[in-house]
Each structure stands twice: as structure tokens, then as C-alpha cells.
Amino acid sequence: MLVGMADPQEVLSRRVQSALGAAFGADFAETDPVIRPSQFADYQANAALALAKRLGRKPRDVASDIVAQLDIDDVCREVEISGPGFVNLTLREEWLADRAQDLLTDPRFGVPTQSPQNIPIDYSAPNVAKEMHVGHLRTTVVGDALARILEFLGHNVIRQNHIGDWGTPFGMLIEHLLDVGEHSEDAELVKTDPNAFYQAAKAKFDASAEFAERARARVVALQGGEPETLRLWRELVDLSKVYFNRIYTKLDVTLTDDDLAGESGYNDMLGAICDELERKGVAQMSEGALCVFLEGFTGREGKPVPLIIRKSDGGYGYGTTDLATVKYRVEQLKADRLVYVIGAPQSLHLQMVWGAARAADWLPDDVTPYHVQIGNVLGSDGKILRTRSGQPIRLMSLLDEAIERASTVVAETRPDLDDDSRAAIAREVGIGAVKYADLSVSHDAEYTFDFDRMLALNGNTGPYLQYAAARIRSIFRRGGLSPEEATGPVTLGEPAERQLALALLGFGPTVRTVGDTLEPHRLCGYLFDLAQTFTTFYENCPVLRAEGATRESRLALTAVTLRVLVRGLELLGVHAPERM
RNA sequence: GCACCCGUAGCUCAGUGGAUAGAGCAGCAGACUUCUAAUCUGCCGGCCGCAGGUUCGAAUCCUGCCGGGUGCACCA
């Protein structure tokens with residue numbers, strides 16, 4: 001199947017474009033025909049209004065010239081000039097049915113395969129021996145969805161989990177590990193309740209001068225590569241990996257240990273990075289620190305803001321490490337696009353890192369870095385989400401609460417199922433709800449965390465979409481056949497059938513757009529719309545009780561809808577249960 | 001002071017420079033001998049923060065204000 005064949009907007013674009021060339025000459029053959037969804041037809045071409053000025057003619061006359069040259073009878077059953085010069089296009093039912101039929105056998109559901117790019121995606125990035133918070137949750141969920149989507153579009157996605165596994169806190173953490181004993185219960189806390197471990201270390205650091213002194217000495221030993229210290233450091237990292245993986249497993253994200261690309265991995269590059277920046281004249285000493293000053297970055301009172309790449313004590317900060325990620329991902333990973341899924345507050349920092357990388361010639365013009373800005377997650381009070389006592393919320397307990405709430409609902413609605421089945425549904429619905437809530441609002445806006453809303457069965461929620469899929473599966477179960485056995489042919493009679501077919505064709509273009517814009521919430525919006533369109537179909541068009549060709553057609557439409565819903569949710573990292 | 005994000009229905013949020021700005025929730029009125037009624041239908045609800053500008057056309061692009069959030073020299 002040709003790429004784009006299933007996308008009406010693209011087909012109409014080509015046809016109208018040909019008409020533009022035929023009507024107004026070769027100069028106009030490249031003009032954007034401005035095909036948009038229409039409330040008065042399926043689509044409308046708005047090119048005439050824009051061209052009228054350029055041609056010095058009335059828009060309606062331009063429109064009628066376009067229509068006169070339009071060879072589109074096989075695709076549209078109605079072409080009408082309307083209003084000031086819109087060309088309304090109504091698709092033929094036969095054409096729509098054929099496209100829907102194509103989807104039935106298309107393993108990609110109309111999603112194009114793009115020419116592959118190498119795309120490192122930086123996301124999740126929790127810290128060793130620290131609790132992940134809701135901010136990490138969001139970058140993890142959004143980053144993972146983007147990774148899945150870009151992969152499905154044919155790209156070579158390289159997941160980069162830039163964990164915080166280096167820095168001065170490790171002196172304190174290692175000393176605390178020694179104090180409590182390496183295989184003690186306290187040490188095991190890193191796997192289950194890392195903040196308890198961290199807070200204990202911090203409390204000692206603040207309270208005991210002796211301990212603080214040991215911690216500082218330990219940092220020096222760590223940086224010096226002293227073998228026993230490195231071993232202890234690795235021990236902490238390994239314990240943390242257990243914690244990360246517990247979260248990732250519960251969340252059902254694709255990250256594995258193979259994707260770990262922590263700060264420590266860049267240590268060997270940092271010295272050379274500073275040297276090269278200094279040699280190239282990009283960096284200079286200021287107040288004892290090696291800094292990059294860039295045009296246009298000023299802080300308070302108009303003072304230039306530096307990107308500090310070597311602190312006055314000789315140590316390196318995250319600016320240096322982040323620069324190293326750019327260099328590494330461009331040179332070693334051969335990145336075509338750089339994607340950083342990181343909190344919105346880091347915007348200025350990343351701009352400076354990229355500016356410095358460009359100045360050092362480490363970031364070629366044809367490699368574009370993207371900051372997928374992740375907005376803060378707020379509580380119902382409009383402030384950063386915390387527990388009532390002011391503590392950051394433990395991610396694991398938050399996920400467990402979502403599952404718990406889901407299981408309460410499942411217990412009420414599905415008493416007929418056994419406990420294991422109900423528990424499995426509750427897990428998928430609870431986790432799906434949390435993930436979908438993170439994904440369904442634009443990633444750069446803050447969003448208000450609300451269990452009741454995200455678990456609601458109405459509205460743009462995970463459970464609503466899961467339910468739509470479950471209900472479709474139920475149709476096939478009841479009918480005693482599998483979705484694969486529905487082979488059509490598709491014929492479109494009822495308006496609800498027609499609307500459903502049209503909606504299904506939108507999947508491919510939507511996924512492509514999400515890959516381009518890195519905005520997963522658009523896919524959520526599409527799936528929600530599809531689910532609503534299906535529901536209208538479900539209400540108006542009996543499937544199993546229909547007969548003959550109508551039944552076959554409706555089964556086929558239902559099967560395609562199921563596949564698109566399931567695949568769409570999968571691209572978001574949300575699993576659709578068999579029943580719920 | 002500089003930078004980024006936000007401002008759209010009572011609430012939470014969508015909205016590709018195109019015609020009369022949408023959805024969910026809440027509110028009101030309805031629908032179940034039915035393939036899963038946890039799903040549906042209808043109604044109500046808007047100076048799209050304000051003011052200019054660009055344009056045939058602006059919620060959308062530009063400029064300036066107002067209001068809210070966040071970040072801005074050695075934590076990462």
C-alpha cells in the first residue's frame with residue numbers, strides 16, 4: 001500500500017494541487033491547497049481565498065476555476081463552492097469503504113513508515129537513593145510514549161535514562177551505607193523506600209561534624225576512583241536499580257537496565273570538554289569558575305548568566321554533563337534529532353547548553369535539539385503536589401492508590417469475575433488512568449492531579465478508552481468469532497458507519513503528526529474522538545443482530561476500531577484489558 | 001530586570017490562519033425486556049485576559065500591557 005493512500009486529507013491535497021496547476025499554471029502547482037476538516041462537508045479546500053489576492057480575482061471565481069479543473073469524481077461524490085470561496089468536498093461512500101477495507105489488512109493501520117532517523121530520547125532520569133516524584137512520573141510516561149511512537153514510525157530510538165548517579169551526595173550516602181551495614185535492613189530500604197535512606201544520611205550529615213567530615217573525604221575518594229569506594233558506590237546504584245525497575249514494571253514502561261545512561265558515564269569526557277571549550281575560546285574563567293557566556297543570556301540586573309562547566313573547586317556540575325550528552329549523542333549515537341523530555345523549569349539551562357554546544361561545533365545545524373517541556377504536577381490546591389504533611393508524595397503509594405481505587409470499582413461492577421481477573425483489571429485500569437492523565441493534557445502545561453477525574457469512565461480518560469475496547473472484544477466473544485475472522489467487505493449505509501470509517505482513517509495522520517510535534521496529547525484526543533464515534537455507531541448500528549452483508553461490514557468496522565484503539569493505547573503505553 | 005510556560009464555559013482542558021469556538025465534569029430534562037447502562041440523547045452555559053497591528057479572514061501570527069506560575073553563579 002502506498003504511504004498516505006488512506007489519508008483523505010493527503011489524497012484531496014494532491015488532487016486539488018493538480019487542479020491548481022492546471023488552472024493557473026505551473027507556478028501554482030506547489031501551492032498549499034489548504035485542505036481542512038469541514039463542518040459543512042467532510043473536508044474543505046480553502047486555497048481560493050488565499051489565491052484571490054495573488055491572482056487579482058474574486059475568490060469565488062478562483063474557486064470555480066479550481067473546481068472546473070478538479071478530477072476527483074472517483075473520490076468525492078459532491079464538490080460545492082460555498083460562502084466566500086470555500087470548496088466543500090464530500091467523499092464517496094464507496095471510496096471511504098475501500099479505504100476502511102484497506103485498513104483491515106494493513107498491519108500499520110495507515111501509519112506511514114518514515115525514513116529512519118537516530119533519535120536519542122532523554123527521559124525519566126530519577127536519582128539514585130531518592131524517591132521518584134510525580135515530576136519523574138510525568139517525564140517517564142511522556143518520554144516512553146514518544147519513544148514508542150517514534151519507533152513505530154520507523155525511527156531508531158535510543159532511550160537514554162540519564163539517572164543521577166554521581167555527585168557530592170554520594171559521600172554522605174556511602175558513609176551511611178557503611179554505618180548501617182551493606183546488607184542490613186536499612187540498606188535494603190534503597191530498594192523500597194529510598195527517601196528513608198536518604199533522609200537518614202542527610203540527618204546525620206547535618207547533625208554530626210564527624211560524619212560530615214567522613215562524607216567529604218569519601219567524595220574525594222570517589223572522584224579519585226578509589227576501588228573500594230567505587231565498589232560501594234556501585235552497590236548503591238544497584239540497589240537503586242531495583243527500586244527503579246519496580247516502578248518501571250508497575251508502570252509498564254519500556255525502560256530497562258540497557259537504557260541507563262547516567263551522569264557517571266560521562267565522567268571521562270568532562271576534562272576534555274573543558275579543555276576544548278577553553279582552547280576554542282568558547283569558555284573563560286570568571287570568579288574562579290570556568291564558564292561559557294552566551295549572547296543574549298542575562299540574569300538579574302542585566303548581568304550575563306554563565307553556564308558553569310568547571311566549578312571554582314575544580315568539580316563539574318550538570319552543565320558539563322549535559323554538554324557531554326550532546327557531544328556523545330551527536331558523535332557516537334549519530335543523532336539526527338535530540339529529544340530531552342525534562343521539566344519546563346530547565347528551559348533556560350538547556351538553551352544555554354545547546355548554545356554552548358553550537359559554539360563549540362558539537363551540534364551541527366542539521367541536528368535539532370527538542371526540549372519536550374514537562375509542566376509541573378499540581379495538587380487540588382494549585383500547588384506542587386505534596387502530601388498533607390508537606391512531604392513529597394511517594395510514587396509507589398500513589399500508583400497503589402490508583403490501583404486500589406480501580407479495584408473498588410471493579411469489585412462493584414464485576415462480581416461475576418474471579419479475584420485474580422478483577423485484580424488484573426484493576427492494575428491495568430489504575431495504571432492506565434494515571435498514565436493517560438499525564439499524557440492527555442499538553443505536556444508543557446501544568447496539570448492538576450485528581451484521582452476522581454482520571455479514573456472516571458466518562459470523558460477523555462484511560463478507563464473510557466479501555467472500556468470501549470473491552471466492549472468491542474465482548475462483541476466478538478458473544479458472536480463466537482475472533483476479530484481476525486471479520487474480513488468485510490465494508491459497505492457504508494448508516495451515517496454512524498460512515499463517520500466511523502472516516503474517523504478510522506485519521507489514525508495514521510495523527511500518529512505522524514505526534515511524531516513530528518512530539519505531542520502525545522494529540523493522539524489521546526484522536527482516540528477519545530474515535531471511541532465516541534464508535535459509541536454512536538454502537539448505539540445506532542447493531543452488529544451481531546444485523547444480517548448478511550451488513551453484519552459482515554459492521555464486524556469489519558468493529559475489528560478495525562478495536563485494532564486502532566488497542567494499537568493507539570499501546571503507543572501511549574496503556575494496556576487495554578480483555579474485559580472490564 | 002531577563003527568559004520560559006500559562007490565561008478559552010462555574011471546574012478540568014482541547015482547538016492545523018478559515019464559515020456559527022469544542023469536549024468532559026458539574027447543573028437541568030430524558031433513555032435500560034437491548035452486542036457490557038460504568039458507555040447514551042437533549043438543554044443550559046463564552047467581551048477566547050486587555051489594547052493595538054498584520055491579513056480577504058485572528059482564540060491561533062506580531063508588538064505592548066495586565067494577571068498567575070517557574071527559572072536565572074558554582075545542588076542536579
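Protein chains get the first letters and strands the later ones, always in sequence-line order, with residue 1 at the start of each.
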Worksheet item: Is there a donor on the side chain of A/Y467 or the base of B/U36 sitting less than 3.5 Å from an acceptor on the other?
Response: yes
Practice prompt. Could you check A/E539 against A/E578 and say which one's nearest nucleotide on RNA chain B is further toward the 5' end?
Written response: A/E578
Got a list of protein N/O to nucleotides 58-62 of chain B N/O distances below 3.5 Å?
none

Discussion item. Once you apply a heavy-atom cut-off of 4.0 Å, does A/D32 come out as touching a base, just sugar-phosphate, or nothing?
Written reply: nothing
Item to complete: May I have the distance from A/L439 (atom CG) to B/U12 (atom P), rounded to whole angstrom?
Response: 21 Å
Worksheet item: What interatomic distance, in whole Å, is found between C1' of B/A23 and the corresponding atom of B/C44?
Response: 16 Å
Worksheet item: Is the closest basic N to carboxylate O distance between A/K58 and A/D61 below 4.0 Å?
Response: no
Item to complete: Decide yes or no for A/V514 and A/E519: does some side-chain heavy atom of the first lie under 4.5 Å from some side-chain heavy atom of the second?
Response: no
Please tabulate, one pair per line, each protein N/O and nucleotide N/O from nucleotides 6-11 of chain B that are separated by under 3.5 Å, including the distance.
none

Worksheet item: Does A/Y318 have any ring pair (Phe, Tyr, Trp, His ring centres under 6.0 Å) partners at least two apart in sequence or in another chain, and if so, which?
Response: A/H349
Practice prompt. Rounded to whole angstrom, note down the P distance from B/G22 over to B/G42.
Written response: 14 Å
Item to complete: Identify whether any heavy atom of A/Q466 sits under 4.0 Å from a base atom; if not, whether one sits that close to sugar-phosphate; answer base, sugar-phosphate or nothing.
Response: nothing
Discussion item. Rounded to whole Å, how long is the line connecting atom CZ of A/R138 with atom C1' of B/C5?
Written reply: 12 Å
Item to complete: Let me know the distance between CZ of A/R36 and P of B/A21, rounded to the nearest Å.
Response: 19 Å
Item to complete: Mind checking A/F40 for me? I need base, sugar-phosphate or nothing, with any heavy atom below 4.0 Å counting as a touch.
Response: base
Side chains of residues 424-434 of chain A: which donor-acceptor partners sit under 3.5 Å, not counting sequence neighbours?
residue, atom, partner, partner atom, Å
A/E428, OE1, A/H575, ND1, 3.3
A/E428, OE2, A/H575, ND1, 3.0

Worksheet item: Is any side-chain N or O of A/Y464 closer than 4.0 Å to OP1 or OP2 of B/C40?
Response: yes
Item to complete: Look at A/E287 together with A/K311 and state whether they make a salt bridge at an N to O cut-off of under 4.0 Å.
Response: no
Worksheet item: When you measure from the side chain of A/F528, which nucleotide among B/C5, B/C25, B/A23 comes out closest?
Response: B/A23
Item to complete: Pick base, sugar-phosphate or nothing for A/V441, based on heavy-atom distances below 4.0 Å to the nucleic acid.
Response: sugar-phosphate
Discussion item. Suppose you measure atom C1' in B/G7 against the same atom in B/U60; what distance do you get, rounded to whole Å?
Written reply: 14 Å
Worksheet, complete the sentence: Among B/C5, B/C35, B/G24, the one nearest any side-chain atom of A/L544 is B/C35
Worksheet entry | A/Q9, nearest nucleotide to its side chain (from B/C25, B/U34, B/U16) | B/U16
Practice prompt. Report which part of the nucleic acid A/A531 touches: base, sugar-phosphate, or nothing (heavy-atom distance under 4.0 Å, all strands).
Written response: nothing
Item to complete: Would you kindly compare A/Q39 and A/S474 by the position of their nearest RNA chain B nucleotide and give the one closer to the 5′ end?
Response: A/Q39
Worksheet item: With a non-hydrogen cut-off below 4.0 angstrom, is A/A470 in contact with a base, only sugar-phosphate, or nothing?
Response: base
Worksheet entry | Nearest-nucleotide pick for A/N46, side chain only, options being B/A38, B/G18, B/U36 | B/G18
Item to complete: Check whether any side-chain N or O of A/H521 sits under 4.0 Å from OP1 or OP2 of B/G15, and answer yes or no.
Response: yes
Worksheet item: Rounded to the Å, how far apart are A/F449 CZ and B/C13 P?
Response: 13 Å
Item to complete: Could I get the full list of side chain to side chain donor-acceptor pair (under 3.5 Å) partners for A/R358, not counting sequence neighbours?
Response: none
Worksheet item: Within the structure shown, what part of the strands sits under 4.0 Å from A/S82 by heavy-atom distance: base, sugar-phosphate, or nothing?
Response: base
Worksheet item: Parallel under 30°, tilted from 30 to 60°, perpendicular over 60°: which one fits the rings of A/W354 and A/H371?
Response: perpendicular
Discussion item. The criterion is salt bridge (charged side-chain N to carboxylate O under 4.0 Å, His left out); which residues satisfy it with A/R563, sequence neighbours excluded?
Written reply: none
Worksheet item: Given B/G24, is OP1 or OP2 found less than 4.0 Å from the side-chain N or O atoms of A/N460?
Response: no
Worksheet item: Atom CZ of A/F476 to atom P of B/U36: distance rounded to whole Å?
Response: 12 Å
Worksheet item: Taking only residues two or more places apart in sequence, or in another chain, which ones meet A/F205 in a ring pair (Phe, Tyr, Trp, His ring centres under 6.0 Å)?
Response: none
Discussion item. Rounded to the nearest 0.5 Å, what separates atom CG in A/L290 from atom CD in A/Q284?
Written reply: 9.0 Å
Worksheet entry | Between B/C2 and B/C66 - P atom distance, rounded Å | 12 Å
Worksheet entry | Pairing stems for RNA chain B [at least three consecutive pairs; Watson-Crick or G-U; under 3.5 angstrom] | B:1-5 with B:68-72, B:10-13 with B:22-25, B:27-30 with B:40-43, B:49-53 with B:61-65
Worksheet item: Taking side chain as C-beta onward, heavy atoms only, is A/T461 less than 4.5 Å from A/M454?
Response: no
Item to complete: Answer with base, sugar-phosphate or nothing: what part of the nucleic acid does A/T535 contact at a heavy-atom distance below 4.0 Å?
Response: sugar-phosphate
Discussion item. In whole Å, I'd like the distance from the CG atom of A/D450 to the C1' atom of B/C13.
Written reply: 13 Å
Worksheet entry | Separation between the C1' atoms of B/U33 and B/A29, rounded to whole Å | 24 Å
Practice prompt. May I ask you to say what A/F297 touches in the nucleic acid, namely base, sugar-phosphate or nothing, with a heavy-atom cut-off under 4.0 Å?
Written response: nothing
Item to complete: Can you tell me, in whole Å, how much space there is between the P of B/U8 and that of B/G49?
Response: 6 Å
Worksheet item: Is A/S347 near enough to B/C4 that one of its side-chain N or O atoms lies under 4.0 angstrom from OP1 or OP2?
Response: no
Practice prompt. With sequence neighbours excluded, tell me which residues meet ring pair (Phe, Tyr, Trp, His ring centres under 6.0 Å) with A/F197.
Written response: A/H176
Item to complete: Mark up nucleotides 70-76 of chain B, 5' to 3', with B wherever a protein heavy atom is under 4.0 angstrom from a base atom, S wherever such an atom reaches only the sugar-phosphate, and - elsewhere.
Response: SSBBB-B
Worksheet item: Once you round it to whole Å, what is the distance between P of B/C40 and CZ of A/F534?
Response: 12 Å
Discussion item. Taking the ring centre of each residue, are A/Y370 and A/Y340 less than 6.0 Å apart?
Written reply: no
Worksheet item: P atom, B/C32 versus B/U16: distance in rounded Å?
Response: 40 Å
Worksheet entry | Listed partners of A/F297 passing ring pair (Phe, Tyr, Trp, His ring centres under 6.0 Å), at least two apart | none
Worksheet, complete the sentence: Rounded to the nearest 0.5 Å, the CG atom of A/L527 sits from the OG atom of A/S440 at a distance of 11.0 Å
Fill in: salt bridge (charged side-chain N to carboxylate O under 4.0 Å, His left out) contacts touching residues 431-446 of chain A (sequence neighbours left out)
A/R138-A/D438
Discussion item. Any salt bridge linking A/D206 with A/K202? Criterion: basic side-chain nitrogen under 4.0 Å from a carboxylate oxygen.
Written reply: yes
Practice prompt. Measure the acute angle between the ring planes of A/F534 and A/Y538, then classify it against the limits of 30° and 60° as parallel, tilted or perpendicular.
Written response: tilted
Worksheet entry | Separation between the P atoms of B/G64 and B/C5, rounded to whole Å | 14 Å
Worksheet, complete the sentence: Here the distance between atom C1' of B/G69 and atom CG of A/L378, to the nearest Å, is 9 Å
